[in-house]
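What follows is a short report on a single structure.
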Amino acid sequence: MKISFSNLSIIAIIILICLQHFRYNTWDNQPQADSFHWDNFGYYLYLPAIFENQDLETLENTKKYFEEVKPSYSFYQVKQTELGKPVIVYPMGLAIVYAPPYLVTKAFLELTGKESSSFARPYHFTISMWCLLLVFASLFLLQKILRRYFSDKVTAIAIFAMFMGSNSFFYGAYFPQIVHPVLFFIYLLFIELTIRWHEKQSKILSSALGALYCFSVIIRPSSIFLVSILVLWGVGKEFSVLEKILFWLKRFKHVLLMVLAAILVCIPQLLYWKMQSGNYLYFSYAVDWFDFTDPNIWKGIFGGRTGWAFHHPIILLGLIGLFWSVFKRKQFSIAIFIFSILQIWFILSWSNYWYGGGFGHRGFTEFQGVLAIMFAVFVAQTIQQNKLFKTLGIAIVVVFTLVGLIRIVQYDNFIWGKPNMSSEYAKENYFQINPKAVDYSTLYPASRGDEAFKSRVNGINNVFNSEIIYLQDFEHLKARNIISEGSNKALKMDETLEFSKANKFPYNSMNPKPGDGVKISFAFKANSSTKNAFLIFEIMDRKQKTRYHYTAIPIELENSTPSQWSNKAIYKELPDIRFDTDIVSIYVYNPNKSTFFVDNLEIRHYKFAP
């Protein structure tokens, strides 16, 4: 029996995935939290909270797993709502994906008398295997979609080059249980069902599409624009815009089924948010936000830190195919083009546009299955050109695929995929595979907290340059609460003043880089024993609605000597800048209406200088 080229391509990928997965996950000596570290700890928490501890509302016992598992430096996966209740930051969709292997594992352990914590090794194994199967299934789904529109050879090239040349292989092989490979599968399944539904509508397909769409959203809200593929499918090829509107109006009953199915899937998430926050819709993320008027398009795609196309240039060919497809007017062209534009805009409007640590830009990983369709357009058009352009195009595909493979070697050699990667480091080591030839000094210092930053600043091997970026001695200010105190002027706080005037300046003026920090120092004095106050140092968006850094420095008036000046200094590691328009604000907060003085307020910026 002859095996098709596309099947050979998939078999090769599956073999490579298995080799890397089982080499990386040795099962006997990995940390207990291997499947449940960082964000995944939050996605997973629903299951032990519901099925093991029955404390989803309070997380009283479940939150103790943070100390047991130690999945991250801080317990950022849970935050407090305005009602004082803990809410899991991440929606529950991924936990639902995990539920089948979780429940089977739990039942097996109970039957065999080996019941153990939900974070024990058996759960790690079964959930990883379950998600690995979804990765394999996604490859066959992609093959099925592509074969409708392209030859077997084009399909084989598109699957292999896009999967191996992007970070899809990395996440599919090393971390199949995280959110991105799972959504990679769901996006392709949604497209397959969309195609089937347009071929022949049925109540089952309508309900499945509505349910799957909402399910993708409660896995990761960035899936919200996936519905545009369904709505616009066929526009430009089979329908004009007006004809497509009429098409939907004539199928009102199917639309209603989709909406009802979507609502049913969303109900558990909405009820959870209502229980914890008092609102059915709740923005659970703690630090970051969206600014849709200022997306970081250039940095997100071409930036050295996690730039999507910088790290994996095969993406550029997919984007060329995206625009090329519009002129070829295929069935999927307009639908996927509109979805792609919306998806790129949405993902890069997130304040943390680099999406924390990752291998390339992980925010786009699930979208790369969809982009593979457009990459196939590029391949199909390239091989139809004259010999020169055909040869050149295929050579570029091969080279860009090899770059993706080089990335895997670099990761295995501890060169690539570092959360503290600087643009300088990335450019210097773009093709480097020998760890002995790497200059690691150009990496940004890894974030380890304020005390570690202070130790680095005051250590023997100081790698920082410093400069004063803010100095306020109040000598030249004129205001009611700026008075002479001894030979100098100072800021006076009293019962009439709960907050001092905030001093603000652009965060971008500091040109902060990862690893940077500040030393905040000031003098204070109270003429009599009084209650404490605080100096506030915060960084926020330009609209001053979302603070992503907040430090309340205690002004320890209760322990100070009356009528004598005391000095205080603290070191703070700075967060990564979100947008160039972000603002630094510093002011005094006097909640107890105490009377005291503040003077010589100074902020010294320590810039990492390898």
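Since the structure is predicted, the reported quantities are computational estimates derived from the model, not experimental observations.
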Distance under 6.0 Å and angle within 45° of ring axis: Lys244 vs Phe247
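The answer is yes; both the distance and angle limits are met.
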
[X] to [Y] - nearest heavy-atom pair and separation:
{"X": "Leu188", "Y": "Gly369", "value": "CD2-O, 3.6 Å"}
{"X": "Ile334", "Y": "Val235", "value": "CG1-O, 3.2 Å"}
{"X": "Phe579", "Y": "Asp582", "value": "N-OD2, 2.9 Å"}
{"X": "Pro313", "Y": "Val403", "value": "CD-CG1, 3.7 Å"}
{"X": "Tyr102", "Y": "Leu47", "value": "OH-O, 3.7 Å"}
{"X": "Pro176", "Y": "Val135", "value": "CB-CG2, 4.0 Å"}

Kindly compute the distance separating [atom1] ([X]) from [atom2] ([Y]), expressed to the nearest 0.5 Å.
{"X": "Ile191", "Y": "Arg148", "atom1": "CD1", "atom2": "CZ", "answer": "11.0 Å"}
{"X": "Lys237", "Y": "Phe332", "atom1": "NZ", "atom2": "CZ", "answer": "10.0 Å"}
{"X": "Trp38", "Y": "Gln77", "atom1": "CH2", "atom2": "CD", "answer": "8.5 Å"}
{"X": "Ile229", "Y": "Leu193", "atom1": "CD1", "atom2": "CG", "answer": "12.0 Å"}
{"X": "Ile159", "Y": "Ser168", "atom1": "CD1", "atom2": "OG", "answer": "12.0 Å"}
{"X": "Phe367", "Y": "Ser166", "atom1": "CZ", "atom2": "OG", "answer": "11.5 Å"}

If we only count heavy atoms from C-beta on, is the [X] to [Y] side-chain gap below 4.5 Å?
{"X": "Phe163", "Y": "Phe184", "result": "yes"}
{"X": "Met164", "Y": "Ile13", "result": "yes"}
{"X": "Pro86", "Y": "Gln276", "result": "yes"}
{"X": "Trp233", "Y": "Phe239", "result": "no"}
{"X": "Trp354", "Y": "His361", "result": "no"}
{"X": "Leu322", "Y": "Phe378", "result": "no"}

Show me the pairs that pass side-chain hydrogen bond (donor to acceptor under 3.5 Å, both in side chains) and involve residues 334-347, at least two apart or across chains.
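Passing the test, one end in residues 334-347: Tyr187-Gln343.
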
Test: side-chain hydrogen bond (donor to acceptor under 3.5 Å, both in side chains). Region: residues 247-273. Which pairs qualify, not counting sequence neighbours?
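side-chain hydrogen bond (donor to acceptor under 3.5 Å, both in side chains) check on residues 247-273 returns Gln201-Arg251, Ser206-His254.
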
Under 6.0 Å between ring centres, would you say that holds for [X] and [Y]?
{"X": "Tyr123", "Y": "Phe36", "answer": "no"}
{"X": "Tyr548", "Y": "Trp289", "answer": "yes"}
{"X": "Phe41", "Y": "Tyr65", "answer": "no"}

Parallel, tilted or perpendicular: ring planes of [X] versus [Y], cut at 30 and 60 degrees:
{"X": "Tyr213", "Y": "Phe190", "value": "tilted"}
{"X": "Phe346", "Y": "Phe225", "value": "perpendicular"}
{"X": "Phe290", "Y": "Phe292", "value": "parallel"}
{"X": "Phe119", "Y": "Tyr44", "value": "perpendicular"}

Any side-chain donor-acceptor pair under 3.5 Å between [X] and [Y]?
{"X": "Asn61", "Y": "Gln54", "result": "no"}
{"X": "Gln368", "Y": "Trp308", "result": "yes"}
{"X": "Glu52", "Y": "Ser118", "result": "yes"}
{"X": "Tyr174", "Y": "Asp412", "result": "yes"}
{"X": "Thr155", "Y": "Ser6", "result": "no"}
{"X": "Asn296", "Y": "Trp298", "result": "no"}

Got a list of side-chain donor-acceptor pairs under 3.5 Å for residues 256-267, not counting sequence neighbours?
none

Give me each pair satisfying salt bridge (charged side-chain N to carboxylate O under 4.0 Å, His left out) with a member in [range], each pair once, sequence neighbours excluded.
{"range": "residues 220-230", "value": "Arg220-Glu366"}
{"range": "residues 73-89", "value": "Glu57-Lys85"}
{"range": "residues 167-187", "value": "none"}
{"range": "residues 279-306", "value": "Asp288-Arg578, Asp291-Arg542, Lys299-Asp580, Arg305-Asp576"}

Listed partners of Asn53 passing side chain to side chain donor-acceptor pair (under 3.5 Å), at least two apart:
Thr62

Test side chain to side chain donor-acceptor pair (under 3.5 Å) applied to Tyr355 - qualifying residues, sequence neighbours left out
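Testing Tyr355 for side chain to side chain donor-acceptor pair (under 3.5 Å), a comparison that skips the adjacent residues, returns none.
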
Among all residues two or more places apart in sequence or in another chain, which pass the disulfide bond (SG atoms under 2.5 Å apart) test with Cys131?
none

Any chance you could lay out the side-chain contact (heavy atoms from CB on, under 4.5 Å) test for Ile344 and Ile347, step after step, and finish with the verdict?
CA-CA 5 Å; Ile344 292 169; Ile347 288 174; over 6 Å; no

Between Ser325 and Ser333, is a side-chain hydrogen bond (donor to acceptor under 3.5 Å, both in side chains) present by the stated rule, with each step listed?
CA-CA 5 Å; Ser325 174; Ser333 298; 2.6 Å; yes

Any Lys/Arg nitrogen of Lys64 or Glu68 sitting under 4.0 Å from an Asp/Glu carboxylate oxygen of the other?
no

Side chains of residues 87-98: which donor-acceptor pairs under 3.5 Å do they make with residues two or more places apart or in other chains?
from	atom 1	to	atom 2	distance (Å)
Tyr90	OH	Asp39	OD1	2.8
Tyr98	OH	Asn40	ND2	2.7
Tyr98	OH	Gln177	O	2.2

Is there a side-chain contact (heavy atoms from CB on, under 4.5 Å) between Ile218 and Phe215 once you walk through the steps?
CA-CA 5 Å; Ile218 64 168; Phe215 186 45; 4.2 Å; yes

Apply the test side-chain contact (heavy atoms from CB on, under 4.5 Å) to residues Leu371 and Leu319: give CA-CA distance (whole Å), side-chain angles for both, the deciding distance (0.1 Å), then the verdict.
CA-CA 8 Å; Leu371 192 65; Leu319 295 176; 4.2 Å; yes

For His549 and Ile539, indicate whether the former's side chain and the latter's backbone hold a donor-acceptor pair under 3.5 Å.
no

Glu60: what forms a side-chain contact (heavy atoms from CB on, under 4.5 Å) with it, not counting sequence neighbours?
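Only Asp55, Thr58 meet the side-chain contact (heavy atoms from CB on, under 4.5 Å) criterion with Glu60.
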
Steps toward side-chain contact (heavy atoms from CB on, under 4.5 Å) verdict (Phe375, Ile314)
CA-CA 9 Å; Phe375 175 67; Ile314 198 78; 4.0 Å; yes

